[in-house]
Asker: 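I am attaching a structure below and will ask some questions about it afterwards.
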Amino acid sequence: MKSSEAYQPEQLEAKWYKYWMEHNYFHSEVDERKPYTIVIPPPNVTGELHMGHMLNNTIQDVLIRRARLQGYNACWVPGTDHASIATEAKVVEKLKHEGIDKSTISRQAFMQHAWEWKETYGNKILEQLKKLGASCDWDRVKFTMDQDLSESVLKVFIDLHEKGLIYKGTRMVNWDPKAQTTLSDEEIDYTERSGQLYYIKYPIVGENAFMQIATTRPETIFGDTALCVNPDDERLQSFIGKKAIVPIVNREVEIIADEQVNPQFGTGCLKITPAHAETDYVIGKKHDIEFIDCLNDDGTLNHYGQKYEGKDRFVVRKEFSKALEEAGFLLKKENYINKVGLSERTKVPVEPKLSNQWFVSMKPLVEPAIKAVLQDDSIKLFPEKFKNTYRHWLENIKDWNISRQLWWGHRIPVYYYDQNSYVVAMTEDEALEKAREKSGNHDMQLDDLQQDEDVLDTWFSSWLWPMSVFDGIRYPDNKEIAYYYPTKDLVTGPDILFFWVARMIIAGYEYRDERPFENVYLTGLVRDAQRRKMSKSLGNSPNALALIKNFGADGVRVGLLLSSAAGNDLLFEESLCQQGKNFANKIWNATKLIKGLIVDDQLEQPDYAENALNWFDQQFNATLAQIEDHYSKYRISDALMSIYKLIWDDFCSWVLESIKSTDQKIDKTTYDRLTGQLEKCLLILHPFMPFVTEDIWHQLQNRTKEEALIISQYPEHGEFDGQILQSFNVAREIIKGVRHLRKEKNIGFKKQLKLYYLTGNNKHPNQLNALIEKLAATTVPKAVDEFPGNILSFRVDSIEYAVEAEGLIDVEAEKQKLNEELRYYQGFLKGVEKKLSNDKFVQNAPDKVVDMEKKKKQDTLDKIKTIEESLSRLEV
RNA sequence: GGGCGUGUAGCUCAGUUGGUUCAGAGCAUCUGGUUUACACCCAGAAGGUCAGGGGUUCGAAUCCCUUCGCGCCCACCA
């Protein structure tokens with residue numbers, strides 16, 4: 001059966017991946033070659049391969065495989081991120097299923113469960129990457145909580161602390177009541193939610209009057225400690241300095257004034273809840289207002305909530321607003337759309353909360369990061385448009401809250417020896433030593449030390465990744481970091497430009513005084529055909545492994561890359577992968593054709609074969625130059641498209657069709673050159689489709705393991721002969737012209753046609769006659785002074801060609817067609833002449849452009865002439 | 001609210017400093033084709049007022065203004 005001979009990726013891919021691994025081709029060690037390093041954006045250790053990973057890692061693999069072929073010492077370091085909050089959430093969930101509540105077990109016990117989880121599931125995503133063909137150096141797998149990386153993290157914490165850049169402070173932070181930890185600003189998604197704006201009366205003390213306030217969060221009324229109006233608000237000025245009573249709570253609070261209050265919004269009067277809102281906090285601080293925190297860490301109300309104590313904030317909102325209404329304090333409710341910050345991980349609304357946390361002062365660190373990207377281009381962003389976002393963030397950078405109230409992660413290396421005094425140290429022993437010295441109490445014991453309960457933000461380890469994977473933090477002078485750093489390319493999504501990319505740059509300059517990478521390729525998001533984000537809840541995210549199974553890794557890789565310019569979102573459809581798979585099949589079959597040829601030493605090389613092969617050599621070089629240009633601009637999909645067309649159109653449709661013979665016999669010269677050309681195609685395609693190319697590479701010749709494609713040599717792009725390309729284009733147009741006539745007049749391909757062209761025009765590529773004869777199925781193009789009677793003509797450039805067409809000519813139709821053509825060119829000529837007779841044009845336009853216009857005029861005149869001649873022939 | 005970006009064929013996008021015959025590619029579509037690499041294919045064709053309007057210029061998809069549409073980032077008003 002034919003179908004069984006089609007390309008079957010599944011077993012082949014497994015076979016070749018194993019082969020590469022067995023021969024250690026992915027492994028890199030320091031040597032005298034130039035390094036080309038990529039560190040993987042470490043996926044979450046809990047993660048599973050999704051479309052975003054596929055895209056992103058395919059691009060990295062393309063870059064690293066190409067570098068390897070170009071003779072660089074290519075090193076792609078894989079690894080995973082401990083992802084503290086995400087992983088901890090999963091482990092908590094798992095324990096819950098087993099009937100274990102996190103709060104009932106010790107930190108130590110929890111960590112044991114978490115590590116078990118990591119050991120069991122942590123390598124899943126890396127195994128999936130192998131299926132995709134990722135040529136990572138698997139001897140170098142790193143995990144952000146490995147011993148060496150953890151020590152690096154602590155070392156940096158200690159160092160920054162010594163530099164005075166880490167401090168502990170009370171700030172309004174984002175609190176996730178479900179995970180019960182703080183979040184950084186970047187870990188919050190704002191979404192619009194329809195809620196209600198409650199208008200509430202606050203009676204004035206000693207008067208029969210009241211203030212109106214508008215709030216979306218009546219449950220925070222228990223924390224109200226002031227009311228505030230704008231000092232310039234004439235309507236409300238008279239209330240300033242008076243006291244109001246918080247309804248139901250019955251607390252007397254002062255009415256103060258501050259410019260921050262917007263008189264236009266709501267009632268113009270703001271209730272101040274300093275412990276539960278950013279603005280209120282600022283105003284509260286400024287006016288020295290009492291802080292009342294009425295919420296528990298889990299989002300329920302505390303004793304300040306009176307009878308609502310223990311109830312969730314949203315339950316209280318409902319119940320308490322009802323109570324206000326019943327007591328006559330609620331004036332009205334309005335529907336109101338406001339933006340609510342949701343925790344990225346747990347999806348619950350974030351609660352602003354006053355909290356004592358660790359921070360990094362960022363301002364003193366950012367200068368080199370601004371310079372590198374925005375001034376001297378030592379780090380390039382692709383696409384460039386992200387520079388703006390990057391600039392904006394860095395120039396307005398805020399201090400980084402790095403403490404998280406979690407267990408899974410790097411525990412903060414701070415040890416308290418009394419309420420307010422602490423030391424920072426790598427180990428307990430070191431801490432003890434320092435604490436004894438600092439306190440003067442030399443009898444202090446380990447038990448007297450209390451380590452900070454919090455762990456560090458995940459990104460506090462990720463920002464060191466390009467250095468820590470080579471152990472460049474602990475040992476700044478080690479050979480590996482000196483060799484592999486700075487890395488070459490970073491491929492990641494724009495969503496973590498601040499989280500991660502910018503911070504890596506900051507850390508790179510702070511700790512090595514050097515950029516962590518040269519180029520940052522920011523991929524777009526993978527969306528579905530309706531432009532929706534891929535998500536589990538929508539169920540629109542295809543299963544990555546199933547895709548690979550259906551279309552082959554090569555097919556999926558190509559499918560993803562064909563339509564994904566840097567920074568552009570990718571609208572994923574399976575048909576893209578189908579296109580990729582079809583391409584693999586195409587090359588597979590081209591190989592089958594070539595392998596099926598029978599070399600006959602007696603045969604001479606036919607002219608048409610030489611024509612085609614000569615042309616393809618030039619075409620290959622010209623295309624390769626284009627491809628290199630695309631790569632240099634990180635236009636990966638354009639590079640792929642160029643290769644796709646080179647192989648499919650140029651090699652298969654033109655070269656193979658040219659050399660094909662009915663008896664499958666072929667001369668040695670042609671055969672050798674043909675396989676050579678296919679091999680060059682395989683080399684440049686290999687980064688995109690590693691499996692099928694490696695397989696064919698070995699099919700074409702019996703190669704030793706040292707000759708594997710993956711470590712072979714990338715072709716240099718040489719000069720190319722424009723003349724050869726130009727002549728071939730003319731020949732190709734002639735062939736297409738004949739084919740077009742055949743189609744139009746319904747002339748079968750098997751009928752050989754007599755082909756003429758008018759003498760007097762010496763541009764016809766005589767040397768390609770054999771090729772034309774073969775591919776257009778005509779006689780050898782014959783130069784004549786005048787065409788014979790019954791012909792159909794067409795023009796290539798300004799050369800007129802004709803095939804004999806006895807009995808096929810509809811004179812009227814031909815005339816009509818020619819007249820249409822004539823009208824078009826006459827109009828065109830008019831335009832050109834008008835331009836040329838415009839003095840201003842001739843004066844102002846560069847000579848080159850004017851000459852071009854003159855040539856245009858001449859060409860058009862020539863064309864008109866031939867058309868008129870054709871017409872006059874028809875008149876006879 | 002502040003900032004950035006974007007609108008080109010049915011879809012996804014190229015289109016360098018304004019200047020070749022510049023309006024392009026891939027996919028999808030239409031027409032014809034199958035004993036001999038591939039129907040996961042071959043050959044041929046059709047598709048656009050470059051979002052609308054105005055301006056600068058000898059010349060505008062490209063530069064400027066404006067209207068409309070879309071997207072992203074930042075800050076957030078209780």
Side-chain angles (χ1 to χ4, degrees), chain A residues 2-3 5-7 185 190 197-198 213-217 220 228 260-262 264-273 277-280 336 338-339 341 383 385-393 396 494-495 497-498 529 531 551 555 562-565 567-571 573 575-576 578-597 633 635 637-638 641-642 644-645 652-653 656-657 660 662-664 736 739-744 746 748-749 797 825 828 832 834-835 838-846 848-853 855-856 859-860 863:
Chain A
K2 275 191 193 175
S3 60
E5 293 165 22
Y7 178 54
D185 290 345
Y190 284 92
L197 193 56
Y198 300 84
I213 64 96
T215 180
T216 54
R217 306 200 53 198
T220 63
C228 188
Q260 285 204 44
V261 177
N262 176 0
Q264 314 307 329
F265 186 89
T267 61
C269 179
L270 175 64
K271 72 184 194 66
I272 303 293
T273 323
E278 180 76 32
T279 320
D280 299 25
Y336 181 70
N338 64 339
K339 282 195 179 169
K385 65 179 177 188
F386 287 108
K387 271 187 179 181
N388 286 322
T389 347
Y390 179 87
R391 176 201 313 272
H392 188 263
W393 188 74
N396 298 287
D495 49 332
L497 185 61
F498 309 137
R531 280 201 182 275
F551 300 103
L562 271 177
S563 66
S564 93
N568 278 352
D569 286 355
L570 168 77
L571 273 50
E573 286 180 86
S575 61
L576 291 171
Q578 185 63 48
Q579 194 187 347
K581 186 181 180 185
N582 293 352
F583 186 40
N585 189 51
K586 182 74 186 176
I587 309 159
W588 181 260
N589 279 299
T591 309
K592 205 165 83 182
L593 168 71
I594 293 172
K595 279 172 57 195
L597 296 169
K633 293 167 182 153
R635 300 174 69 138
S637 50
D638 288 341
M641 183 50 74
S642 294
Y644 181 90
K645 286 195 273 194
C652 293
S653 296
L656 290 184
E657 291 304 320
K660 232 158 102 172
T662 41
D663 59 4
Q664 291 179 293
K736 286 189 162 196
R739 285 174 178 171
H740 179 65
L741 285 179
R742 282 183 190 277
K743 171 85 180 173
E744 198 178 53
N746 216 357
F749 193 77
D797 285 344
Y825 283 113
F828 187 79
V832 176
K834 192 178 164 198
K835 231 179 187 181
N838 181 341
D839 289 342
K840 284 183 178 168
F841 170 72
V842 179
Q843 277 164 26
N844 293 324
K848 207 179 91 185
V849 175
V850 177
D851 288 348
M852 207 69 79
E853 217 59 28
K855 181 178 181 297
K856 242 194 250 182
D859 287 352
T860 311
K863 268 180 203 162

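Fair warning: this is a prediction, and the values are worked out from it, not measured in the lab. The chains referred to below are lettered A, B, ... by the order of the sequence lines, with proteins before strands, and numbering in each begins at 1.
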Asker: Reading RNA chain B 5' to 3', what string of ( ), [ ], | and . shows its pairs, if Watson-Crick and G-U wobble pairs count only when both distances fall under 3.5 Å?
Answerer: (((((((..((((.....[....)))).(((((.......))))).....(((((..]....))))))))))))....
Asker: Measuring only the C1' atom in each nucleotide, how far is C27(B) from U17(B)? A whole number of Å is fine.
Answerer: 32 Å
Asker: Need to verify one output field. Residue with the more 5' nearest nucleotide on RNA chain B, Arg531(A) or Thr662(A)?
Answerer: Arg531(A)
Asker: Rounded to the nearest angstrom, tell me the gap between atom CG in Leu497(A) and atom P in C4(B).
Answerer: 17 Å
Asker: Hey, is the side chain of Lys834(A) poking within less than 4.0 Å of OP1 or OP2 on G59(B), counting only N and O atoms?
Answerer: no
Asker: Counting any heavy atom closer than 4.0 Å, what does Thr591(A) reach on the DNA or RNA strands: base, sugar-phosphate only, or nothing?
Answerer: nothing
Asker: Side chains of Thr279(A) and Val261(A), heavy atoms from C-beta outward: is any pair under 4.5 Å?
Answerer: no
Asker: Can you tell which of G26(B), C40(B), A37(B) lies closest to the side chain of Met641(A)?
Answerer: G26(B)
Asker: For G47(B), measure the glycosidic angle (O4'-C1'-N9-C4 for a purine, O4'-C1'-N1-C2 for a pyrimidine) and name it syn if it falls within 90° of 0, otherwise anti.
Answerer: syn
Asker: In whole angstroms, how far is the P atom of C27(B) from the CD atom of Glu573(A)?
Answerer: 14 Å
Asker: When you compare U16(B) with U67(B), how far apart are their C1' atoms, in angstrom units rounded to a whole number?
Answerer: 30 Å
Asker: Does the plane of the ring in Phe265(A) sit parallel, tilted or perpendicular to the ring in Tyr336(A)? Use 30° and 60° as the thresholds.
Answerer: perpendicular
Asker: Taking atom C1' in both C65(B) and C73(B), what distance in whole Å separates the two?
Answerer: 26 Å
Asker: Would you say the side chain of Gln579(A) lies within less than 4.5 Å of the side chain of Phe551(A), judging by non-hydrogen atoms?
Answerer: no
Asker: For C4(B) versus A78(B), give the span between their C1' atoms, rounded off to a whole number of Å.
Answerer: 29 Å
Asker: In whole Å, I'd like the distance from the CZ atom of Phe828(A) to the P atom of A23(B).
Answerer: 7 Å
Asker: Separation of Asn589(A) atom CG from C38(B) atom P, in whole Å?
Answerer: 6 Å
Asker: Reckon Arg635(A) touches a base, only the sugar-phosphate, or nothing at all at heavy-atom distances under 4.0 Å?
Answerer: sugar-phosphate
Asker: Does Asn582(A) make a side-chain N or O approach to OP1 or OP2 of C41(B) shorter than 4.0 Å?
Answerer: yes
Asker: Drop me the distance from Tyr7(A)'s OH to Asn582(A)'s CG, to the nearest 0.5 angstrom.
Answerer: 13.0 Å
Asker: Determine whether the side chains of Thr389(A) and Lys387(A) contain a donor N or O and an acceptor N or O closer than 3.5 Å.
Answerer: no
Asker: Measure from the side chain of Tyr644(A), starting at C-beta and using heavy atoms only, and say which of C27(B), A14(B), A37(B) lies closest.
Answerer: C27(B)
Asker: Look at the side chain of Leu593(A) and decide which nucleotide, out of C41(B), A37(B), G26(B), has an atom nearest to it.
Answerer: A37(B)
Asker: From A37(B), G19(B), G44(B), pick the nucleotide closest to the side chain of Glu657(A)?
Answerer: A37(B)
Asker: Rounded to whole angstrom, note down the P distance from C13(B) over to G53(B).
Answerer: 25 Å
Asker: Testing the basics here: between Cys269(A) and Ile213(A), what is the closest heavy-atom pair and its distance to 0.1 Å?
Answerer: SG-CG2, 3.5 Å
Asker: Go through G26(B), G19(B), A37(B) for me and flag the one nearest to the Lys835(A) side chain.
Answerer: G19(B)
Asker: Once each nucleotide of nucleotides 71-78 of chain B is scored for protein heavy atoms under 4.0 Å, what B/S/- sequence comes out, 5' to 3'?
Answerer: --SSBBBB
Asker: What's the OH-P distance between Tyr390(A) and G5(B), to the nearest Å?
Answerer: 18 Å
Asker: Just call it for Asn838(A): base, sugar-phosphate, or nothing, with non-hydrogen atoms closer than 4.0 Å on any strand.
Answerer: sugar-phosphate
Asker: Distance between the C1' atoms of A23(B) and A9(B), in whole angstroms?
Answerer: 10 Å
Asker: What integer number of Å spans the P atoms of U29(B) and G69(B)?
Answerer: 34 Å
Asker: Hey, is the side chain of Lys743(A) pairing donor to acceptor with the base of U31(B) inside 3.5 Å?
Answerer: yes
Asker: What nucleotide among A25(B), U20(B), C58(B) has an atom nearest to a side-chain atom of Met852(A)?
Answerer: U20(B)
Asker: Between His740(A) and A45(B), is there a side-chain N or O to OP1/OP2 distance below 4.0 Å?
Answerer: yes
Asker: Is any side-chain N of the basic residue among Asp859(A) and Lys863(A) closer than 4.0 Å to the acidic one's carboxylate O?
Answerer: no
Asker: For Lys660(A), report the nucleic acid contact type (base, sugar-phosphate, nothing); a contact means any heavy atom under 4.0 Å.
Answerer: base
Asker: Could you work out which one of A14(B), C40(B), G44(B) sits closest to the side chain of Asn585(A)?
Answerer: C40(B)
Asker: C41(B) P sits how many Å from Lys592(A) NZ, rounded?
Answerer: 13 Å
Asker: Could you tell me whether Lys645(A) contacts a base, only the sugar-phosphate backbone, or nothing, with contacts defined as non-hydrogen atoms closer than 4.0 Å?
Answerer: sugar-phosphate
Asker: Side chain of Ala6(A) only, heavy atoms from C-beta on: which candidate in G26(B), G5(B), C40(B) is closest?
Answerer: C40(B)
Asker: Using whole Å, report how far CG of Asp638(A) lies from P of G26(B).
Answerer: 13 Å
Asker: Got a donor-acceptor pair under 3.5 Å from the side chain of Lys586(A) to the base of C38(B)?
Answerer: yes
Asker: Which nucleotide, C58(B), C40(B), A43(B), lies nearest any side-chain atom of Ala845(A)?
Answerer: C58(B)
Asker: Please examine the side chains of Lys835(A) and Val832(A), heavy atoms only from C-beta on, and report whether any two atoms are closer than 4.5 Å.
Answerer: no
Asker: Separation of Gln843(A) atom CD from G59(B) atom P, in whole Å?
Answerer: 13 Å
Asker: Rounding to the closest angstrom, what is the interatomic distance between G48(B) and U12(B) at atom C1'?
Answerer: 15 Å
Asker: Of Lys863(A) and Lys385(A), whose closest RNA chain B nucleotide lies nearer the 5' terminus?
Answerer: Lys385(A)
Asker: For the backbone of Lys581(A) and the side chain of Asn585(A), can you confirm whether one donor and one acceptor N or O come within less than 3.5 Å of each other?
Answerer: no
Asker: Would you indicate which nucleotide in A25(B), U16(B), A37(B) comes nearest to any side-chain atom of Lys633(A)?
Answerer: U16(B)
Asker: NA contact type, Pro494(A), heavy-atom cut-off 4.0 Å: base, sugar-phosphate, or nothing?
Answerer: nothing
